[in-house]
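Please read the structure below before turning to the comments.
Letters go in sequence order (proteins before strands), and every chain restarts at 1. None of the values given here were measured: they were computed from a predicted structure.
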2 protein chains.
Amino acid sequence: MVKLFFVRSAHIIPGMENGIANLLGALSLAVMDRIEHGAREVVGRGGETPAALIVIGYGQGMTNDKLRRILGLSHSGTVRLVDRLVSDRLVERRAGKDGREVALHLTASGAASRNELLASRISAVTSLLDVLSAAERKQLATLIRELLARQDTSEMDRFTICRMCDDRVCTNCPLPTSKGQHGH
Amino acid sequence: MVKLFFVRSAHIIPGMENGIANLLGALSLAVMDRIEHGAREVVGRGGETPAALIVIGYGQGMTNDKLRRILGLSHSGTVRLVDRLVSDRLVERRAGKDGREVALHLTASGAASRNELLASRISAVTSLLDVLSAAERKQLATLIRELLARQDTSEMDRFTICRMCDDRVCTNCPLPTSKGQHGH
DNA sequence: CCATATATGTGCGCTGCGCACATATTTATC
DNA sequence: GATAAATATGTGCGCAGCGCACATATATGG
């Protein structure tokens, strides 16, 4: 009886310890609900399409295949996603340096939609955050920054996590990196 | 020139202030990516299906229409979602008290899948959190709890935010409520 | 020069979902 | 107590987003 108690407590880490995981899960769900709702209003599409627009806008000579890996989609899914962006006049396919590659570029209205998208995202998160005091927000920022900085992420993981990041406000990305690739 | 500078700085709140929003956005995306990936592995379905299984499992005599509002889906979308859960033998439709309503209940294997789902979710979030020290996690928990407690949420908002919450570990939900409806 | 790797495009089908409509039951009104 | 309105569910239909298998074009290494 006593032995059973110790065994179980060693595995479950009862109560408080998992409470933080549940809280962060709930907050993350609320945050993403709001971000995705705003994104759909801006570009009229869901799934990974808004993220694709943001990633292409980083402008590091994005190709179909790089995009595929960042978004975590299949190859054909990515081609069709780009088809939609092209038919919406937000993206152009140009010739890449390598004759196989396609160089993806935002059109003028694509760049405008991307800016709206980023603003909508920041606004959505801010509306949840602004119940905290400036001091509390600073504390939270420090903790999240540490949390991200200590993750063991591959280069592609970093691009994936940052696939909706606002390169206008995220000047020094906390994610660990041997060499800084995309400046955010 | 100087005037322009002041006007712009008043609107944009440059740098640091939006940095926290971007960080929380990135973290939330990483958290939900991991939760959704695990959920799809457990139940073999995506979208709001995993959340539906969890919500039905709260066992407060869930109906099709309550579920619809909690998940934020259309009516028909919800009916078809329940169709899938029924065809997967995870949920049963029983007669509700009101002759119009359908009472949704988990089958034995539905309850088992739900437990796997909750465990997978906690594990996914924990794997991101455990780079923090116990003290840091406690600090973070306090901040998130405050953030959630100060939100201006309707009753339905609370159910929506909590639609994937683990009622086994979330003993006192921080979300503001006049009367506690679902004990988590 | 030829096999293999890399990058893109296509036919086809499935899952998840919304709109419009149909149906059944309760509640309100006269 | 009959009838209108509200509530709750189910269905036909179509679209968006995505993956699998296959086809094609360009580069790279033996």
Please confirm whether the shortest side-chain N or O distance from [X] to OP1 or OP2 of [N] is below 4.0 Å.
X        : N      : value
B/Arg100 : C/dT27 : no
B/Arg84  : C/dG16 : yes
B/Arg45  : C/dG16 : yes
B/Arg68  : D/dT9  : no

Considering only NZ, NE, NH1 and NH2 on the basic side and carboxylate oxygens on the acidic side, decide whether A/Asp157 and A/Arg69 come within less than 4.0 Å.
->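 Looking at A/Arg69 together with A/Asp157, the answer is no, because their closest N to O distance does not fall below 4.0 Å.
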Basic-acidic side-chain contact under 4.0 Å: A/Glu136, B/Arg150 =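 A salt bridge is present here (some side-chain N lies under 4.0 Å from a carboxylate O).
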Nearest nucleotide by nearest heavy atom, which residue falls closer to the 5' end of DNA chain D, A/Gly47 or A/Gly99?
->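 Here A/Gly47 is the residue nearer the 5' end.
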More 5' along DNA chain D: B/Arg69 or B/Ser76, using each one's nearest nucleotide?
->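 Whichever sits nearer the 5' end wins; that is B/Arg69.
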Determine, step by step, whether A/Ile161 and B/Leu29 satisfy the side-chain contact (heavy atoms from CB on, under 4.5 Å) criterion, reporting the C-alpha distance in whole Å, the side-chain angles of both residues, the deciding distance to 0.1 Å, and the verdict.
-> CA-CA 7 Å; A/Ile161 292 175; B/Leu29 183 59; over 6 Å; no
Mind checking [X] for me? I need base, sugar-phosphate or nothing, with any heavy atom below 4.0 Å counting as a touch.
X       : value
B/Thr78 : nothing
A/Asp83 : nothing
A/Val79 : base
A/Gly46 : sugar-phosphate
B/Arg40 : nothing

Enumerate, in order of first residue number, the stems that involve DNA chain C, defined as 3 or more consecutive Watson-Crick or G-U wobble pairs with both distances under 3.5 Å.
->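 The stems that DNA chain C takes part in, listed by first number, are C:1-30 with D:1-30.
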Nearest-angstrom distance from the residue atom [atom1] of [X] to [atom2] of [N]:
X        : N      : atom1 : atom2 : value
B/Lys97  : C/dT27 : NZ    : P     : 13 Å
B/Leu73  : C/dT15 : CG    : C1'   : 13 Å
A/Leu71  : D/dG19 : CG    : P     : 10 Å
A/Asp98  : C/dA5  : CG    : P     : 17 Å
A/Glu101 : D/dA25 : CD    : C1'   : 13 Å

Reference residue B/Leu67; test side-chain contact (heavy atoms from CB on, under 4.5 Å); the match among B/Leu73, B/Val79, B/Ile56, B/Val102 |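 The residue from B/Leu73, B/Val79, B/Ile56, B/Val102 that satisfies side-chain contact (heavy atoms from CB on, under 4.5 Å) with B/Leu67 turns out to be B/Ile56.
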Pick from B/Arg145, B/Gln151, B/Glu146: which one makes a side-chain contact (heavy atoms from CB on, under 4.5 Å) with B/Pro174?
->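 Filter result, single survivor: B/Arg145.
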Out of C/dG11, D/dA8, C/dG16, which nucleotide sits closest to the side chain of A/Arg80?
->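 The answer is C/dG11, which lies nearest to the side chain.
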Has B/Arg89 got more than 12 heavy atoms of other residues, nucleotides or ligands less than 6.0 Å from its CZ?
->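 Count not over threshold, so no.
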Using only heavy-atom distances, determine whether the side chains of A/Glu116 and A/Ser113 contain a donor-acceptor pair under 3.5 Å.
->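 Note: A/Glu116 and A/Ser113 side chains miss the donor-acceptor criterion.
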Donor-acceptor pair present, A/His75 side chain and C/dG9 base, under 3.5 Å =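 Counting by modelled atom types and ignoring angles, a donor-acceptor contact under 3.5 Å is found here.
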Keeping the roles fixed (side chain from B/Arg163, backbone from B/Thr160), state whether a donor-acceptor pair exists under 3.5 Å.
->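 At least one qualifying donor-acceptor pair exists.
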